[in-house]
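The structure under discussion appears below in the form of structure tokens.
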There are 4 protein chains.
Amino acid sequence: MPKIVDKKAKARAISSVALTVFRKRGYPGTRMSDIAEAAGIGKGTLYEYFKDKADILRFEFDRYFEHFSASLLEAINKDSRPSEKLLALIDFTLGHTIEWEDHCAVYMDYFSSARADQDEGFSLSCMYGQMKEILMNLIHEGQESGEIDPAFNAAALSELFVSIYDGIIIHRLFTGQTVDRELFRKTALNLIQNGMIVQGVMKG
Amino acid sequence: MPKIVDKKAKARAISSVALTVFRKRGYPGTRMSDIAEAAGIGKGTLYEYFKDKADILRFEFDRYFEHFSASLLEAINKDSRPSEKLLALIDFTLGHTIEWEDHCAVYMDYFSSARADQDEGFSLSCMYGQMKEILMNLIHEGQESGEIDPAFNAAALSELFVSIYDGIIIHRLFTGQTVDRELFRKTALNLIQNGMIVQGVMKG
Amino acid sequence: MPKIVDKKAKARAISSVALTVFRKRGYPGTRMSDIAEAAGIGKGTLYEYFKDKADILRFEFDRYFEHFSASLLEAINKDSRPSEKLLALIDFTLGHTIEWEDHCAVYMDYFSSARADQDEGFSLSCMYGQMKEILMNLIHEGQESGEIDPAFNAAALSELFVSIYDGIIIHRLFTGQTVDRELFRKTALNLIQNGMIVQGVMKG
Amino acid sequence: MPKIVDKKAKARAISSVALTVFRKRGYPGTRMSDIAEAAGIGKGTLYEYFKDKADILRFEFDRYFEHFSASLLEAINKDSRPSEKLLALIDFTLGHTIEWEDHCAVYMDYFSSARADQDEGFSLSCMYGQMKEILMNLIHEGQESGEIDPAFNAAALSELFVSIYDGIIIHRLFTGQTVDRELFRKTALNLIQNGMIVQGVMKG
DNA sequence: CATGAATGAGGATTCATTCAT
DNA sequence: TATGAATGAATCCTCATTCAT
């Protein structure tokens with residue numbers, strides 16, 4: 001009678017430990033043995049749960065992304081106006097970088113390693129594309145309803161938002177946090193709100 | 001009489017080639033032999049001009065940083081008002097990411113994977129620190145003169161600007177460019193300008 | 001259940017093989033792959049048991065030194081008179097060079113070329129210092145009790161003995177053995193005995 | 001009209017500088033560029049005067065050995081009795097290690113590298129053989145004339161003398177000098193004299 | 001299932017030697 | 001003759017992955 005274990009659960013437990021190690025040492029700087037040691041299991045055991053090193057990263061990234069996607073829709077649908085939805089979305093992403101801070105490091109690691117593996121053309125545009133799509137639609141709607149300054153190019157603006165999201169993550173990764181997170185979040189939101197929203201309409 | 005070579009010039013030529021290789025293959029994914037081959041020289045020759053792999057990057061980084069610092073002051077000093085200076089500074093950095101695109105991409109790549117051994121004399125925090133200092137001073141001045149919305153926390157705002165700078169670079173690294181650069185630059189500048197500047201004062 | 005290996009025993013087996021390779025090819029001339037091949041294992045496996053090349057030697061050196069130190073005290077304490085102890089000590093060291101011939105040869109080889117980086121924890125001077133200390137004390141005692149010719153300077157004489165020890169080893173390394181070892185040992189002992197001991201007292 | 005230089009003289013000047021570098025860094029630890037730099041010439045120039053790195057060492061060794069051989073005969077022939085000749089010879093060699101101290105380091109380096117180069121059988125016995133031959137003859141003569149203790153095996157004793165010579169050199173190389181050289185020399189000579197010479201005969 | 005011992009491909013770096021000038 | 005720029009063979013060491021137990 002084989003020992004019965006919840007493979008899924010153990011995989012999650014392992015990758016969760018791995019995440020903290022990745023966070024500390026960076027993905028390329030982390031050895032499989034580091035992970036095994038931190039998880040208190042044998043090196044070989046890792047391969048019972050994951051195909052290879054990248055697979056651990058991928059697994060944890062997927063968790064991150066799934067949660068992100070699911071929560072995103074929820075966050076948007078609370079509000080009704082396009083501009084409100086848009087701000088809610090942005091606020092959500094900023095909050096998400098705080099809540100899933102450890103994963104954000106992985107997020108960067110994931111892209112870097114993915115880029116390195118595939119000589120050319122590993123395009124993340126598909127993943128980002130989804131996000132930009134949502135943003136663009138909201139911007140368009142907001143511009144049509146007069147809530148958002150029509151002077152903005154929707155594609156450029158949505159790309160900017162995604163870039164800001166990435167930037168906040170990586171800058172924190174590089175320098176650590178120097179400013180209080182919630183203050184930082186509010187600052188960012190204010191800047192975007194002031195910069196984008198047509199005041200008369202919002203207030204009216 | 002020996003062959004006479006302009007060592008400085010050749011070092012620059014090599015590191016310049018190396019940079020494009022780093023861009024294509026990523027820093028960790030680039031072998032010294034790749035660089036040598038691309039530069040049309042022997043592997044050993046690299047070590048006549050550079051201490052090690054990181055030294056090649058450091059060399060280009062210095063060039064980048066020197067140019068950045070020098071141009072920055074120039075860009076700022078054209079204008080007189082704090083808010084104008086601030087916008088000029090932001091505009092300059094955005095333009096700089098376009099002009100030095102390869103360098104930016106490679107640094108992001110390097111720093112996001114180096115983490116573990118970030119002590120080799122790449123003055124990342126020094127560069128960011130300097131930048132934030134300048135930003136904060138301008139924001140403060142602008143707030144005192146009433147040009148910039150006093151509701152903003154200067155430290156948070158300057159960190160946000162630097163984050164946006166990083167974000168633009170890394171997002172481009174991940175996805176390539178999907179939006180016209182100049183349009184993108186203008187969009188970012190507009191958002192920041194609208195979001196931060198007190199209109200009455202500016203127009204007055 | 002993993003393969004269980006007596007790491008200590010395997011390390012000794014490997015280093016033991018390595019020693020013979022060092023002896024044959026010289027320390028600098030021995031490649032890690034030579035050792036691996038001779039030991040019938042993979043190159044990487046060496047690093048499971050030893051930090052680096054020098055560590056293999058260090059391991060054998062420790063074994064040698066431990067055995068040397070332990071046996072030394074034993075050899076001395078059999079006799080009671082200082083002069084007898086001294087001769088026993090010298091006799092012991094001469095015998096030791098025969099018994100541990102390979103080790104001796106390799107150390108000479110190592111130390112005569114290492115010079116530049118003699119800081120890695122080979123306690124050469126410590127070993128010599130200890131030895132000279134013991135020798136000097138015995139000589140002094142012997143001189144006080146009238147067994148040893150008081151004309152000798154104790155420090156110089158003990159340094160001479162250690163030099164002879166080194167000389168016997170290195171000469172054998174260079175030329176191989178041309179004279180029967182036991183005869184050689186006896187000759188050396190006689191010379192020293194005759195040269196140092198005050199006859200009247202010994203015989204009396 | 002070519003620049004006329006005394007090739008021999010320049011070679012000697014170079015190898016003389018090289019010697020001091022070898023002494024300091026050891027032969028394997030000395031780079032050709034180190035020598036060139038110390039000699040104030042270009043790296044390539046070394047190859048105008050020497051076939052390769054080993055050739056520089058060999059050159060300097062030859063100088064040493066030639067001087068040694070020539071002076072040796074001189075030293076011996078001053079005295080007439082075998083035992084006096086023998087002691088003079090030993091005294092000469094001891095003095096020689098003091099006078100040619102720098103070369104002694106090279107002497108060891110030379111043998112080590114020679115051993116490393118030739119997988120097997122690089123036998124120094126020919127060189128040492130000459131020395132041992134002389135020693136053995138003197139010992140035999142001394143024993144026949146009753147000056148030297150007939151209990152000694154001449155071959156073993158002469159090998160011992162050569163070993164002591166080597167030992168003094170290498171021990172000094174390892175540990176530096178701790179005892180005054182002249183005192184050390186006298187001590188060694190006394191030990192040998194007392195140990196070997198039949199007193200009655202010498203004095204008689 | 002679990003393990004960790006074994007592996008070897010892979011890469012950075014060194015340095016004696018060559019050779020164009 | 002003198003040079004030093006260029007070279008690439010050679011070697012150490014790392015670490016993801018495999019597999020016998």
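Sequence lines set the chain letters: A, B, ... in the order given, protein chains first and strands last, and positions in each chain run from 1.
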Quick one: on DNA chain F, does C/Arg31 or C/Thr45 contact a more 5' nucleotide (nearest heavy atom)?
C/Arg31
How do C/Glu48 and D/Gly44 order along DNA chain E: which one's closest nucleotide is nearer the 5' end?
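Here C/Glu48 is the residue nearer the 5' end.
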On DNA chain E, compare the nucleotides closest to B/Lys43 and A/Gly42; which residue's is nearer the 5' end?
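Result: A/Gly42.
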Salt-bridge present (B/Arg12, B/Glu60; N to O < 4.0 Å)
no
Between D/Arg63 and D/Glu66, is the closest basic N to carboxylate O distance under 4.0 Å?
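Looking at D/Glu66 and D/Arg63, the cut-off is not met.
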What's the [atom1]-[atom2] distance between [X] and [N], to the nearest Å?
| X | N | atom1 | atom2 | value |
| --- | --- | --- | --- | --- |
| B/Tyr47 | F/dA5 | OH | P | 18 Å |
| A/Ile35 | E/dG4 | CD1 | P | 16 Å |
| D/Lys53 | E/dT17 | NZ | C1' | 12 Å |

Which part of the nucleic acid, if any, lies within reach of D/Ile41 when heavy atoms closer than 4.0 Å are counted: base, sugar-phosphate only, or nothing?
sugar-phosphate
Could you check whether B/Tyr49 gets within reach of a base, just the sugar-phosphate, or nothing at all, counting any heavy atom under 4.0 Å?
sugar-phosphate
Polar contact flag, side-chain donor to acceptor under 3.5 angstrom, C/Tyr47-C/Asp52:
no
What class does the angle between the rings of C/His103 and C/Tyr64 fall in, given that below 30° is parallel, 30 to 60° is tilted and above 60° is perpendicular?
parallel
